[in-house]
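Scroll down for the structure; my scribbles are underneath it.
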Amino acid sequence: MTKITIRMQHQPPHAETPPVESEDATEDPLATLDGSSPSNNNNNNNVSTEQQQQQQQQQLNNQSENQQPCDPVVALDHLNVELGRLRETKSDCALFRAYAARPQLFDDEHKKGFLRTENYVVKAAADRMIAYWEARADLFGEERMLLPMDRSGTLNGEDSLALDQGLLQLLPQKDLDGRGLIFFDPSRHNIKLGYSNESMLRVIWYIMHVAKEDPIIRENGFVLIVYPKQCTPEQIDRDLIAKGTTIIGSVMPLPWKGFHICHPCSSYNKYFPLVKMLSPTRIKDNIAVHFGTDEHVLECMAGYALPAEKLPTELGGRDRLDYAKWLSDRKNVEGVDALRVSTPVPRPPSTHSEASDEVMKDASKSPKKSVKTKTTKATKPKGTTTTTTTSRPKTKRNIRTPSPSLPQADAAKSSAVGASPTPTTTNAAGGASTKTRRPGRKGDARMHRAVTLKIEKPETSLVEALQEGGFNFDGLNEKGKPHHEVFDQDGVSLMQRKNQLLRRIRVEKKKKKEEA
């Protein structure tokens, strides 16, 4: 499993730009905040010491201004100049790699989010922007970090399982000050299902991006409400809490305006110091912890512009949460693609060069196009086979109860192993069709053993269950290699096998529940 490294510091230090030492330095429009370059008199090769000192002082003044709140009218221009300055020393960081591949992601609204969050302090906004893209690259990888932040683009099957738990929820209500409300219930962290902390962190990232879609929340910020009353000590994961707090407080371009912990559990002293240490400075000294009865907690919350009608019933409020409906609404908002599980499919070696910018552009502007089934049939001379071209074909499920179509993720697996896109194949003469056997289906003894083991021993990881079942994965132990680039003897990626296993487990559990 890929190891995540998310920067914990709120504002990583950056080296100051050294003063101009010579008039021969290359003219750079990004050298000063006003977009002008140092004076260069081509008619006079000797610049007086007084002029050099003035230039140096001007640069020092500009850098000092970058660390003070800036006029919102000109803040965006100043941020662009600051990013241009940082590009000279940090050209290999994730932000500039992403910009080189997908410059359309860096529109004005994207940058304004960081400025608003940092109260228009230009340097702090640039630092947060760099931290954001570093964390995004760590969590999603170089390819997926460039995709839309929705279920079709960035969440895989294991991520969707984590999303279904509802650990972090965006409430439909806003407080009396117009701030968004995000509800965190650690008792919903089901550690026995087998999803990783990495998946849950991607879910946290996704929920925060959904909140960022609301222009009112972008402007007014959000309040985090934590309800740990029902959680067990096993559900308090310090690593998940630490990295989740960093994402919410030090990475996301959303102003964090309030923090309430309601009905702390017995493990309060285990996680609270960690949360306080990693929270932004403006939040850590203003964390409100509410003990006592539901009535007392509601009374306290009302003093923070949070009356009972704005709070969920878990806290004694009147807002009944319907997380299943929220997920359904998100699918409708994000389109048909949100109904499928998105798993990166290895691309076959190309025999011709491709323009990476054009590929990225197509992927962002028309994500549905990449999953649309497109079949081209051509009449071939006798003795040749029919060629079928497809990106995400639909096939029939080979399970106990027939289904009209196969989910897109399964189709991707068929494509990855070189299987036929439909359950039948046509011979050269156009004769009778024959069914194709796919590895990993219900008839695969290896997958059956893995399902049985995982159900009987829930503490077994997905990878261990697959290996015990009989799957062998080349390159599994290579450090830093993601699971979608590790393949078994049938050419199917480890990520796809894990998705298959999770699906089979859900089917078996549902079947046993119906039989009971």
Side-chain angles (χ1 to χ4, degrees), residues 151-152 155-167 169 185 187-196 199-200 202-203 206 230 232 234-235 321-332 334 336-343 392 394-414 423 437-471 492-516:
R151 297 184 69 177
S152 64
L155 300 185
N156 58 37
E158 189 175 317
D159 301 341
S160 296
L161 180 63
L163 177 65
D164 291 342
Q165 307 314 305
L167 179 71
Q169 300 184 41
D185 184 357
S187 68
R188 289 176 171 266
H189 181 33
N190 194 339
I191 56 179
K192 295 182 179 180
L193 289 181
Y195 56 78
S196 63
S199 287
M200 187 56 76
R202 283 193 286 267
V203 167
Y206 168 75
Q230 305 296 335
T232 63
E234 291 75 18
Q235 291 173 313
L321 300 182
D322 190 346
Y323 188 62
K325 182 179 183 303
W326 185 87
L327 288 176
S328 177
D329 291 342
R330 286 306 305 173
K331 290 179 181 179
N332 294 332
E334 293 172 5
V336 178
D337 282 344
L339 297 173
R340 68 176 177 85
V341 173
S342 177
T343 303
R392 292 292 178 98
K394 293 183 178 180
T395 59
K396 293 184 178 180
R397 294 177 67 93
N398 186 21
I399 58 176
R400 186 179 297 273
T401 57
S403 176
S405 64
L406 176 69
Q408 299 287 358
D410 288 333
K413 296 165 193 172
S414 303
R437 176 73 172 270
R438 296 177 179 81
R441 294 296 187 185
K442 192 167 184 179
D444 193 321
R446 299 169 300 174
M447 184 60 69
H448 181 71
R449 288 193 295 268
V451 171
T452 303
L453 176 62
K454 183 64 177 173
I455 292 177
E456 292 178 352
K457 298 181 179 180
E459 68 277 5
T460 305
S461 69
L462 295 175
V463 176
E464 291 173 344
L466 290 168
Q467 290 177 320
E468 290 292 331
F471 291 98
V492 180
S493 74
L494 175 56
M495 183 65 74
Q496 292 168 338
R497 289 299 189 198
K498 288 164 63 179
N499 292 342
Q500 286 180 337
L501 178 56
L502 288 169
R503 245 189 332 272
R504 285 285 308 277
I505 291 172
R506 288 196 295 269
V507 170
E508 290 298 324
K509 288 183 177 180
K510 183 178 180 181
K511 177 182 173 183
K512 290 182 179 180
K513 185 177 180 180
E514 291 175 350
E515 292 176 350

State, with a plain yes or no, whether a side-chain heavy atom of [X] is found less than 4.5 Å away from one of [Y].
X	Y	value
L494	L466	yes
K510	R506	no
L462	E158	yes
Q169	W326	no
Q165	V203	no
L453	R449	no

Nearest 0.5 Å, please: how far is [atom2] in [Y] from [atom1] in [X]?
X	Y	atom1	atom2	value
L163	Y195	CG	OH	11.0 Å
Q467	T460	CD	OG1	11.5 Å
E514	K511	CD	NZ	10.0 Å
D159	N156	CG	CG	3.5 Å

[X]: what forms a side-chain contact (heavy atoms from CB on, under 4.5 Å) with it, not counting sequence neighbours?
X	result
E234	I191, T232
D164	R151, L327
Q230	S187, Y227

Problem set entry | side chain to side chain contact (heavy atoms under 4.5 Å, CB included) evaluation trace for K454 with V451 | CA-CA 5 Å; K454 183 64 177 173; V451 171; 5.9 Å; no
Problem set entry | Chi angles and distances behind the side chain to side chain donor-acceptor pair (under 3.5 Å) call for Q500, R503 | CA-CA 5 Å; Q500 286 180 337; R503 245 189 332 272; over 6 Å; no
Exercise. When you measure from the side chain of T452 to the backbone N and O of H448, does any donor-acceptor pair fall under 3.5 Å?
Worked result: yes
Exercise. Under 3.5 Å, is there a donor-acceptor pair between the side chain of Y323 and the main chain of L167?
Worked result: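 Answer holds: no.
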For this session: Applying side-chain hydrogen bond (donor to acceptor under 3.5 Å, both in side chains), name anything that partners E468, two or more places apart in sequence or on another chain.
Result: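 Once residues adjacent in sequence are excluded, E468 has no partner under the side-chain hydrogen bond (donor to acceptor under 3.5 Å, both in side chains) criterion.
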For this session: Please list, chain by chain and in numerical order, all residues satisfying side-chain hydrogen bond (donor to acceptor under 3.5 Å, both in side chains) with S461, sequence neighbours excluded.
Result: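 Once residues adjacent in sequence are excluded, the partners of S461 under the side-chain hydrogen bond (donor to acceptor under 3.5 Å, both in side chains) criterion are E464.
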Exercise. Can you name the nearest heavy-atom pair linking Q235 to H189, along with the distance?
Worked result: NE2-O, 3.2 Å
For this session: Sequence neighbours left out, what passes salt bridge (charged side-chain N to carboxylate O under 4.0 Å, His left out) with D329? Give chain and number order.
Result: K325
